[in-house]
Amino acid sequence: MAQIQVENLSKSYRIAARDPGLAGAVRGLFHRRTREIAALSDVSFSLERGELLGFIGPNGAGKSTTIKILSGILRPSSGRCEVDGRVPWEQRIAHVARIGVVFGQRTQLWWDLPIIESFELLRDIYRVDGAKFGRTKDRLVEMLKIAPLLDTPLRQLSLGQRMRCEIAAALLHSPSILFLDEPTIGLDAVSKLALRDFVKDLNRAEGVTVILTTHDMHDIEALARRVIIIGNGRLLRDSSFESMRNEVLGERRLIVDFATDVGEVAVEGASIRARDGRTIEFAFDPARTAAHTLIANIARAHDVVDIRVDDPKIEEVIARFYTLHGAVES
C-alpha cells in the first residue's frame, strides 16, 4: 500500500479584482468583484515508503500548494489525499507527529533563542521521550555538523548554517516522511553539497520518504530517482528523470578542441550548436549516428587537441519540457 496517495486533488483561491486607479478603488468599495484562481487541478500520484521524489515546476505551478496540503496546512477544494492512512487536514495532530517539513523561506526555530533551546522546545511540542530525543539530537548534530552552532541564536547564523539547523529541527521527532520545499535556496556550493549528501543518506540508509521541491535542477539530478513535473496546477509528467531527458532531448553534445582555426567545418550526422575560438560544440542524435563514428571522422579530417561527449544540461532539459507543454516560467 502506498504511503502517500493523492487522487484528483484540486485547490482554488478566490481573490478580489478591481479596476486600476482611484476610480477603480472607489467602485470597488460599492461593487466588489472576485475571480477564482486554480492553484491545483486534478493532480493524482502515489508514493511508496522510502521513495525520494523530485517535485518540480515553474513559479506558481502549484508545488508549495501541494506540499501544504500534504502537510495539513491547507485544505483542498476537492479530491482525496491520505498520508500514512490519515487525512492531513482532518487528523492534523496525529499527522504532524509523523512528518517533518522544511520551508526554505520560513523558519520553525525561534529567532532570538539559541538553537539548543529551540530544539528543547520542539521536544516538548512533539512530546518526544527524553532519552530518545537525546540520541536523535546527538546523531543529527554530528551528521549535519552543527555542534558549534547550538549555543548561538538563530538570528546570528548564516543562511547555510540556519538551513542545517532547520533540517535537524524537522527530524528531531524521527518522522517517517520529510517534505523539503526549496531547502537549498540561497545556499553556497559547500552548504548545498552538504545538504544533498545528508538527504541522500537519510533516504537511502534510513528509509525516510522524501518529497523535494526545488528550482535547483542539480539537486534533482543528484537526489531524485523519480520526478514529477507540474505546470499551471496540472501534473505534466511522472517518470524517471532519465526517461524525461531522453524524450525531450534525445540529442547529445560533442565538444571538439581543434589545434588550429578550421573555419567553416561540416560534419555529417552532426550540427554546430556553439563556437568559441577553436572549440566547437556539435549536436547529434546517438540513435542515428554513433559517437565513435563522429569522433573518427573528425579526427581523420582535422588536427584535434581534445574531444569529449556530453549530455545536455539538466536546466536545458527542464526548460525545453516547460516550453513543449506550455508551462513557461513566470
Side-chain angles (χ1 to χ4, degrees), residues 50 52 64 67-68 70-73 88 92-216 218-220 222-223:
L52 197 161
S64 294
I67 294 296
K68 289 175 181 176
L70 290 175
S71 57
I73 297 173
R92 287 193 63 184
I93 294 177
H95 176 62
V96 297
R98 300 285 296 157
I99 67 169
V101 184
V102 176
F103 290 103
Q105 300 184 39
R106 296 175 179 84
T107 182
Q108 60 188 315
L109 301 173
W110 282 262
W111 190 244
D112 292 311
L113 289 184
I115 298 302
I116 188 62
E117 293 187 23
S118 288
F119 286 178
E120 294 287 346
L121 283 169
L122 289 169
R123 181 198 67 180
D124 293 338
I125 290 172
Y126 285 106
R127 300 175 183 175
V128 182
D129 173 76
K132 181 180 179 182
F133 170 80
R135 292 193 298 270
T136 304
K137 174 181 68 68
D138 291 344
R139 180 174 55 86
L140 290 170
V141 167
E142 180 181 355
M143 292 176 70
L144 289 166
K145 298 179 175 56
I146 58 175
L149 311 177
L150 294 180
D151 295 324
T152 306
L154 181 69
R155 57 183 167 78
Q156 294 180 4
L157 299 181
S158 70
L159 182 57
Q161 291 171 331
R162 180 174 72 80
M163 288 311 303
R164 280 186 282 153
C165 293
E166 292 283 354
I167 289 182
L171 296 169
L172 287 170
H173 57 295
S174 302
S176 61
I177 303 171
L178 181 62
F179 299 118
L180 298 174
D181 189 14
E182 299 285 354
T184 62
I185 188 169
L187 298 190
D188 58 62
V190 174
S191 297
K192 281 186 180 182
L193 291 174
L195 281 182
R196 285 176 196 162
D197 289 342
F198 175 77
V199 172
K200 184 183 295 184
D201 184 66
L202 188 73
N203 172 252
R204 308 287 200 266
E206 302 191 27
V208 174
T209 304
V210 179
I211 295 184
L212 168 68
T213 78
T214 179
H215 283 293
D216 189 328
H218 296 290
D219 289 344
I220 298 294
L223 294 171

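Residues that satisfy the side chain to side chain contact (heavy atoms under 4.5 Å, CB included) test with Thr152, not counting sequence neighbours, are Gln156, Leu157. Considering only residues two or more places apart in sequence or on other chains, Lys200 meets the side chain to side chain contact (heavy atoms under 4.5 Å, CB included) condition with Arg204, Leu223. Every side-chain hydrogen bond (donor to acceptor under 3.5 Å, both in side chains) that Glu206 has, sequence neighbours left out, goes to Arg139. Residues satisfying the side chain to side chain contact (heavy atoms under 4.5 Å, CB included) criterion with Asp201, sequence neighbours excluded, are Met143, Ala205.
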Could you please spell out the steps behind the side-chain contact (heavy atoms from CB on, under 4.5 Å) verdict for Val102 and Met163? CA-CA 9 Å; Val102 176; Met163 288 311 303; 3.6 Å; yes
Residues 113-134, side-chain donor-acceptor partners within the protein, below 3.5 Å, at least two apart:
from, atom 1, to, atom 2, distance (Å)
Ser118, OG, Trp110, N, 3.2
Glu120, OE1, Arg123, NH1, 3.3
Asp129, OD2, Ala131, N, 3.1
Asp129, OD2, Lys132, N, 3.1

Going by atom type alone, with no hydrogens or angles, which donor-acceptor pairs under 3.5 Å involve a side-chain atom of residues 169-178 and a protein atom two or more places apart or on another chain?
from, atom 1, to, atom 2, distance (Å)
His173, NE2, Ile99, O, 2.6
Ser176, OG, Asp84, OD2, 3.4
Ser176, OG, Arg98, NH2, 3.4

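Rounding to the nearest 0.5 Å places CZ of Arg164 at 8.0 Å from CD1 of Ile146. The structure places CG of Leu70 at 4.5 Å from CZ of Phe179, a figure rounded to the nearest 0.5 Å. Atom CH2 of residue Trp111 and atom CG of residue Leu154 lie 5.5 Å apart, to the nearest 0.5 angstrom. Interatomic distance, Cys165 SG to Leu149 CG, rounded to the nearest 0.5 Å: 5.0 Å. Expressed to the nearest 0.5 Å, how far CZ of Arg155 lies from CG of Leu109 amounts to 14.0 Å. One distance of note links CG of Leu144 with CD of Glu166; it measures 11.5 Å at 0.5 Å rounding.
Side-chain atoms of Glu182 do not come within 3.5 Å of backbone N or O of Phe103 as any donor-acceptor pair. Within the 3.5 Å criterion, the main-chain N or O of Thr209 finds no donor-acceptor partner in the side chain of Asn203.
The heavy-atom pair separating Arg92 from Gly72 by the smallest distance is NE-O, 3.2 Å. Pro88 approaches Ser71 most closely through the heavy-atom pair CB-C, 4.3 Å.
The side chain to side chain contact (heavy atoms under 4.5 Å, CB included) with Pro183 is formed by just one residue from the set Val199, Thr213, Leu212, Asp219; it is Leu212.
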